[in-house]
Each structure stands twice: as C-alpha cells, then as structure tokens.
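Worksheet: one structure, shown below.
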Amino acid sequence: MSDPREEIAQLSAAGRAALAAAPDATALEEARVEYLGRKSRLTELRRAIGTLEPALRKEVGALANTLNAELEAAYAARLETLQASTAQRPARDVTLPGRRGYVGSRHVLQTVLDEVSEIFLGMGFTITEGPEVEDDYHNFEALNLPAGHPARDTQDTFYLAGSDTKVLRTQTSSVQIRVMEASEPPIRVISPGRVYRNEVVTPTHYPEFHQVEGLYIDKGVSMADLKGCLQAFVREFFGPDRALRLRPSYFPFTEPSAEVDMSCFTCGGSGCGLCKGTGWIEILGSGMVHPAVLRHVGYDPAVWSGYAFGIGVERLAMLRHGIPDVRHFYDNDIRILTQFD
Amino acid sequence: MVGGDAPLLHDATALADAMVMLGLEVGSIDSPGEPLRDIVVAHVTDVQPHPNADRLRVCQVDDGSGTPRQVVCGAPNVEAGHSYPLIRPGGRLPGGDVIGEAKLRGVLSQGMLMSARECGFGDEHKGLMEIVDPPAAGTPLADALGLHDTVFEFELTMNRPDCMSILGLAREAAAAAKVPAPVPPAGASLPAGEGAWPVEIENADDCPRYTALLVRGVQDGPSPAWMRQRLEALGQRSLGLLVDITNYVLLELGHPTHAFDATTLQGGKIVVRRAKAGERLTTLDGVERALSPRDLVIADAARPVALAGAMGGADTEVKPATRDILIESAVFAPLVVRQTAKAHKLSTEASKRFERGIDPDGARRASARVAQLLCELAGGTIDGAPTDTNPVVTPRRVAASVTRINARLGLTLARAEMIAALEPFGFTVGGDGDALDVTVPTVRVDVAEEADIAEEIGRGVGYDRIPTTNANVSGVTARIPADIAARRALRDALVGCGLVECVSNALASPEDAARVASLPVGQEGAAEPVLLGNALGRESSALRTSLIPGLVRAVDRNRRLGVGDVRLFEIGKVFRLDAARELGVEERIEAAAVLAGHAAPGFPGDAPRDVALADIAGVCETLCARLGVDAPQVVLRCRRFRIGSRARVRLGETIVGEAWRARSADREGARMRGAGVRPTSRCRGADRATSRGACVPRAVPLSRGQARPRAGGAARGAGLDGRRRHPAGRGRAVDPTRTLRHLRGPAGPGGHAQPGLRTHVPVARVDPGRRRRRDRRAGSRAGTLARARHRGARRRHPLTPHDPRIPIHRPQKETR
C-alpha cells in the first residue's frame, strides 16, 4: 500500500480539479460522489486510519480532515457558481430606479440665515447671539426708548407673567447693547435670532419672526460706509444688478435713520405688482448709531461712531423664494420645507 | 397753503416720490375727482315725451356751451329746471367706457344724464343724481362736489408730530418743491392786555402753556361746503359748525384746541391740576371715568371738566344752543397725556399729538384761528384779551460742526450747502467757520442734538447724495463662533441622515411642559415653563420647554396631509424658569429628531419595514460619529422599551439625550420614533472653528501590525479624518462600527500590516479641555503624537468588529 499521505495529496489535486471543472450540476454531483461520497477513496482512507501505525495516525487523520474540508469548499464554490449562472432569473432591468436613501434638507430660514452670515463674515463681521427673554433696559431704554416713549407703541410687546420689566425681545437690537457693554470698540458684529411681537397672525405678520442685527462701531464710521456695506450685501444676496436707495426714516436708536430700498428684481425698477408700482422694495432699516445709545454703554460719541441695521430674515426669504405667506415658515409642511435647500 | 408754485406741486406722483425721499412715506394717493373729469353739471331746460317709447323722454339740456343739447333719458325723476351730471359724446365714464352719440328709438341723444352709481358713488340707480344748489352749467362735477383735491395718505414716523397737519406737510412739500415756506392763516387779531379768563396751573411741568380765549354770541349751524368737503376728504364727519371748527383747525394747524361752553364753567376760572382720588368725569364719549392723581385734568372752580389733552367732559361740551365759547389751546407734557390715554384707553386725535410732542408756539396761533372762524362763520365776537400763561417761547439752539456732520454723513459739503439744506425746513443758522449755531423751529420737537441736524442736512441735500464707500476691508478676521459652528455641524449631520429641518413656534401651550415632563431631554425632572402675562391665547402663553411637542405636532400634521414617511428634526431654543440665571430664565439650544413611517424608501421587491428603535439610535450614533465625539461611547441603554418609556443616550458618563417612542400622537396608530439629543460644544465642528491647532484632528501613523483599511474602503474616498466621504457630499457619515472593521481589516498581501496612515483617530476624539491639558503637559505636538501612537498600539486588541445593529457598550475608561 502506498503512503496515505501521498495519496491524500493526489486526491486533493485531482478532486479539486474535478469539482472545479464540472460543467454542470449533474457532473458536479458525480464528482461529489466520487470524491466525497460514502464509497469514495477519501472515506476508505479515513476508515483505514485505525490500521495505520500509531505514529502516522494523527498526521494522516489531520490531512484527511483538511482534504475533506477542501473538497467540501470546492464543491460548494462550484455549486454556487453553477447555480448563479443557470438560475432562471429575468434579465436585470437597468432602467429601474435605484435603491435610495432619504434626502434631508435645511429649513429655508436657515439657508437664508447661513447665507446672510457668510456674506457678513466675509465683510469682517463676527456673529453673536443674545437672550430672547430680555429686560426693559436692553430692549428699550438703552436703545433710546425710555419709558413712555410713543415709539414703544409700534412694537407690541410680550411681557412675562407677573413682570412689567421682563419682555420677549421685540428686536435683535437689544444685542447691540449687550455686545457694547461686554466689549470695547471697535466692534463689528451681526446678531441673528428670533424676536416676538404681540400681533395676530396674518399672511404678513406672525408673533415670532427672525432678524439679523448688524452693528459696526469704530472711529470715523460714516453713513457712506453703511451704504457701501449694505450695497455689498444686497448685491451678494439678490444679484449684482440691484441698486440701493436710502431714504430718511426714524428709529429711536439711530440718527440719521434710513430705510433701505432695493430696485425691484421683477420689473427692474419700472414698477410692478411686487413693488406696488414704485420700482423699489423696502428690505431693511438702518442708520447711524444714536449718540444717546453710545452714551448708555459708556462710549464717547465724540470719539466713536457707527452704524446699525436690522434685516428681517422672513422678508428676505419671502422675496427671494417667492413665498407668499409668512405662516409657511412655521407650518412645517414637508412638501414646502424641502423646496428650498 | 404753500407759499409758491412749482411743477412738482401739480404732479401727484412726483410730489409723493419727493415726500418719500424726505422721509414721509406715502401710503396712498387718492384723486376722487379724477374719474369724473369728463362729467359736467348740466341744467335741464325742457322735457318732452319720446315719440316712440313710453319710458323714454327727450330732454333739452344746457351744458354751459351755449348750444342746447338733446339727450334721451329713461330716468323717472328727470324734471325741467333741475341739474344733473352729464357726460358728452367722447367722454369716458368712471368705469372706463367711452360714450358716443346714438339714436335711441329714432331720436338723437347727444350724451347721457347720469345716476349716482354711474358717477361711481354707491349703488343708487333708481334715477338721476340731482345736484342741489347747482353751480353754473358746464362746471366740472368734481368741482361742484368739492372733489377736485388729491388726498395723500402719509404713514408718518413717530418723530414727526409736526407733520400731523396740513400746515406741517405743506412745509415739507414746499421744501421739496423749493418754493417759499407756507404762511399759516393769521387768525383773528387778538386784543392785547391782561387775560380775561383767569387760569391757574398747579404744576408748569405738566402744562407748560395754557391759553384761554372767550368768544361770545356764536350761533351753531351747518358748516360751509368747503369745510365739510375738506373734513370728509380727511375722513371726518361733519358734526355741526362749532364742533367742526375745532376739528378743522386741528387738521389744518396740527394743534388741538378744545371748546368749552363758557356758561357751564363754574366760578369763572380754569384750573389745570392733577385729579383728586375719587373724582369722576363723564367724557364726551359718554363714559363716566374714575380719575386718579395720575390724570391731569382741566377743572373749573368746582370740578374736573376735561381730561387734559385727551378728551373734554360731557357737561361742558359745546351744544347747538351754545352761545359763549371758551377756547382752550394749551401744551401738555407728553408723558402725562400718554399715561392718561393709556389708563383710560383713550387714543384721540389730540392725545396722539400731545404724546408725540407739540409746537409750544402753536398754541396762540390755533386759538386765534378758531376765534377767527367762530367770528366769521358763526357770528361770534371776541370778548377780552386771551389768557396766556407762557407767551414767550424760546426756540432751541443746537451747536454743530461742519466737519463732524460731514464725517457722519460721509459727505464733503461746504458750510453754505449745509445752510441751504437746513433753511427750507425752517432752521436758521448762525456761527461761523466750522461752527453751526442752529436755531431749531419750535415745531421740530424731535431735533435736539448734532446728529439730528445731520439727518436734516441729509434730508435737505438728499440721501442719494451720500456716496458708497466700503470701510470693510480691515485686518479683522471674522470666524463663526464655536457654538454656532457646532450647531451647523449638527444640522449638517442630521440633514445627512435624511432628516428635514423644522422651525416650530417658541410660543407654546403651558400644558406642553407637563406633557413632556416624562421626556426631559438631558435633564431629570420637569422644566417649569416661562409664562407670558399678555399672551394672544392659551395655546401660545408660554415659552416651550422642549422641542418634542412641536415635532410630534409636525409629524401629525404631515401625516394628515398624506406624507407617509416623516423624518424631522429641529435645533432651537428651549426655555425654563431658573432663579439662578439672569432674568430668572434659562435659555438653552437643543436638538431633537423624530422618525415616523418606513425605515427606508420603498424599492421593488423589498419588504417595507417600519422605523424601529435601532433607526433613531442609528441617527444618534451617526451624529456622534460625524461630530467627532467618540462614537462607540454612545450607549443607548434600552431597558424594557415600552410605549411611553424611554432610553438614555449616554456620552460616556454624561447623559446627552433621550430616545423615546410615541404612538399616541399619530392618529393612524403608525409607529413613531423620536430622540432628543443635546448638542455639545465638544464636537469637532466647534473645535475647528476656535482652535489654533490644539484640537484639530491630526493624522497619526499606524503602529506596526495594525492594518490600514481595506483597499476598497480607502478607494471609496476616506478622508484623512477617517470618515469616508459619501460622494453625495459631506455629512453623510458612515456607521462607526463599520469604520472600526475597516480599521482592523484583513491582513494585507504578504501576511503582515503595511505601514501607512491610519484613518480613524479615536484618540483625537477626547474632551478638548482634557486634550489641551494633556498637550500642555506634553509641551509639544510630538508628545501628542507619541502618546497617540502608543495608545493606538495598545488599542489594537480591544477593537473588534461588531454587528452594526448592536449598540456598542464600552467602558468609559477606554477613552483615557
């Protein structure tokens, strides 16, 4: 009898070759019976292990087991290949849609705010936020709106229960005061955030909305700088063809004050429904920081000057995306939420 | 009233534009006479029956042209000798149609007599509109009806009470048109001498000026047409001559006056004083009001007779039988009038003007004007000299500088240009050189300092003159602060997980706080909501303590709208009472997410699967991986996860959020999963924005024996920071456990590890504070690298592949 170890090696080569070469399932089954079946040479070899010399038993046993595993693996591999190639499956339809995931999106107020922030960051403004629950001092008094000032009537204010000094801020301008209290000039900051007015809901009014406040304090800041800054912003946000117009207005915390109009982007200035025939669209309020405000925070108005502006985020979004109703921002209707990012 | 003429004053649109550029916003322009321009008053001279029609008549009318005109008319009320509106052939009706000459049943009709409806007034169409007291035939109808004026509606800012009158607006219009300033009507010439009617003022701060003037022998009656027409054009009803006169002067000059029936005043004197507690006054509107010392009243010798600056009393009001009138024209302190108006909820034309500030010099002018009209129209005579408690008004003077004003406006105006800009608004300028000594017209109560003068000069020259400069190029480097960057990173990660961002109301129902008490996000115990004192309604009377109710409502709403799979998140502020904080309120940014519906979009052949806890847990883990928090540290400890129960999301020892599931909010009983996670500034986005190197993840060489990722993994675009980049963009994070498997990977060819860059850097993901402390100890980046390498080597064995669905528990110690 030959050396079982040699025979195992031969069986390994021959068996793997036969299994791998089987052209179809029948041939594969025949090869399996021949090399792995109960009457196969491998089975005989394993049965005969007991008759070997003790020194050889262990080695041959291990080799036989390995061979068995090899052949099983070769069989399984070939079987899989054959099944895969012969399976009666229809031709793959490559025009079917793919397996998709869900697509997320940012809120339109956020995309607008992010873009506004980027533009002002590029002009050297940092970002600061302030509290939404404010005291009367920061929301009104320090902004040159002392108690009894008639302009307080234009901002319907929410008060906290049991308090006539704690308010929900009516404007992000309150952050101006906090920033100036906390730091020394020069200051260049924008402050985005939510503000509150005690108003009933209409297509253009909502008791909560968002503003971006801007503040720049330095030596020798002029209204021309304000105009330049806002023109840069408007052109970045609404496009390079937009013209800017400042017109006198009134905010208690700026002097001179200016409403800022942009040339209408639907009619280009000739007059249409959007701009109510004027050719101009009011987009934000601005002005030179009132000396009284600077005095409130301990800055010397003879040394420091600056400008401030306040932008309505909802208004920007409505103008740019043609959103007709401010309620859409807070309705959280997915069909609308996913349109803008 | 304007003291000159200019083309601008005849072009309503151009004038409106000019006023807007002066800061006087125009709300509307109404020319009620404009549609009537082709309609004239016609006098019917003869009416004959129509030969071929029963209901038609043939009229001969005089249209002022001298030639009689034949008009066929079907109206039942046409009569010879009366006047009606006529439109001639070729004329345009108010509706836009053009009238032509026509034959009606064979008779020529040269025009049309018109009903009120055809003229555009109301619905009256039963017959022709008869013109009573007709002017000459041929007069334009608009003139006959006093509709030739154009009415501008201005939306005034709070600082311009001086423009709350025709005089004030005419002053601005004159400046715009560059014509001389208007001259107000002179009024009656008043006798000089001691005031005839004694006036006592308790406190001159409350009432800086009070004038009283007696006019006797007036006779009430209908107001003349010109006065009625002007009042009606300005939205006021005519209430009889005596009342109309004070209203007219208010609108004309902007100074409120009050007319007392002099015979009802007791004791022959006026006292201006604070009300005494317990005093009562029935005002003109018939309301009996309890007064308090907060209210300034006008009293006679016995009792209050008017609320100063707000409304007169009913007892002393002018009636048709009144013969003797005491004209009050005063100046009251804005705050006092405001207090009274607020307390009594009485906002009147007078109180609005006093609150904003009134021209102290206007008191006597208004009084004289009322007296003049009473004498001319109501037959009165002035009795005695006016009483005036403060006849001399000194205008305010403001010192300004040419240089500083130019610096403020960004202009380079010469002194003369500044003066030329100021003078049309009534300012006079003295001083010389750089100094401007500006005398402010008394009517401009808003102008008090140099900045105000700057605005006036800006208005005068036009804001369009201001150039555009950009002082924004400076050495300042602005970066997004850490907390905002962290929020952005969190938002990007959530969007990358396929979630849609919501914005819900911060104004919420106070009950919501209790509802979510069982779901505190990152906090134990119920948050006490911040309540509002003057809310719009119960449902919006508190500030939200949690984002969860808003999200659950949003899911509910969308599912009602038919959206099946709802995956939402919100990042926003929540509020709670906290006595330790400034203003007693804690404001905190939180994030929360909710999933409802299917776990994946449908695909042919796939069995649909509802969202499960593992899905929301996966969102949490993805967030942590994306934010650079050590992802395997997230422990979603899921104990008996039943309806209404919750699981904590741990980051090491810190609970950063809670996962929960809810079913109740969804009508259809569809399953909904949600999780709240509090973002932490320890995330990588924040580090990147603020660090100057300390916390930026650094590539660490692999130690020997540690495999680099499988070639396929790296080829798919592993970033240096170890997170595979999804081609669709950043924020699409890979399952952290898979990353670990990639790290380990099978041995490379040749049977042992290849040296190279390790792409996953768990050691970089530690508390930045700790990291900085460690770096200080190490003193150098090299030290950090050495430690990292050492740690990497030590970590080789504990890293084992996990089934990605099984949350990974790892003891806290591992991060150290």
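Since the structure is predicted, the reported quantities are computational estimates derived from the model, not experimental observations. Chain A is the first sequence line, chain B the second, and so forth, proteins listed ahead of strands; every chain is numbered from 1.
The part of B:Leu22 that comes within reach of chain A is its backbone (N, CA, C, O), which places non-hydrogen atoms under 4.5 angstrom from that chain. Of the atoms belonging to B:Ala341, not a single heavy atom falls under 4.5 Å from chain A. When heavy atoms are compared at a cutoff of 4.5 Å, B:Glu450 does not approach chain A at all. Interface residue B:Glu355: backbone and side-chain heavy atoms are both found under 4.5 Å from chain A. At a 4.5 Å heavy-atom cutoff, the contact between B:Ala454 and chain A is made by backbone and side-chain atoms alike. If you measure heavy-atom distances from B:Asn558 to chain A, the contacts under 4.5 Å come from the side chain alone.
A:Phe158 CZ to B:Leu536 CG: the interatomic distance, rounded to the nearest 0.5 Å, is 4.0 Å. Between B:Asp606 atom CG and A:Arg99 atom CZ the span is 4.0 Å, to the nearest 0.5 Å.
By the 4.5 Å heavy-atom criterion applied to side chains, B:Leu507 and A:Leu168 are counted as neighbours. Contact check for A:Ile334 versus B:Leu568: side-chain heavy atoms found under the 4.5 Å cut-off. Within the 4.5 Å cutoff, no side-chain heavy atoms of B:Ile480 are placed close to those of A:Ser117. Side chains of A:His290 and B:Asp452 form a contact here, defined as non-hydrogen atoms less than 4.5 Å apart. By the 4.5 Å heavy-atom criterion applied to side chains, A:Thr128 and B:Pro481 are not counted as neighbours. Side-chain contact between A:Lys166 and B:Val530: absent, with no pair of heavy atoms (C-beta onward) separated by less than 4.5 Å. Side-chain contact between B:Arg408 and A:Pro256: present, with at least one pair of heavy atoms (C-beta onward) separated by less than 4.5 Å. By the 4.5 Å heavy-atom criterion applied to side chains, A:Arg245 and B:Met21 are counted as neighbours.
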Handout entry: Worked verdict on B:Arg487 versus A:Glu129 for salt bridge (Lys or Arg N to Asp or Glu O under 4.0 Å)
Key = CA-CA 13 Å; B:Arg487 246 177 282 153; A:Glu129 290 172 317; 2.7 Å; yes
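The candidate from A:Ser305, A:Pro131, A:Gly220, A:Ser249 with the greatest count of non-hydrogen atom pairs under 4.5 Å with chain B is A:Pro131.
A salt bridge links A:Arg295 with B:Glu449: at least one charged nitrogen is closer than 4.0 Å to a carboxylate oxygen. Salt bridge annotation for A:Glu208-B:Arg544: absent, with no cationic side-chain nitrogen under 4.0 angstrom from a carboxylate oxygen. Between B:Glu582 and A:Arg178, at least one side-chain N (NZ, or NE/NH1/NH2) sits under 4.0 Å from a carboxylate O, which counts as a salt bridge.
Distance alone, capped at 3.5 Å, places no donor-acceptor pair between the A:Asn332 side chain and the B:Ala554 backbone.
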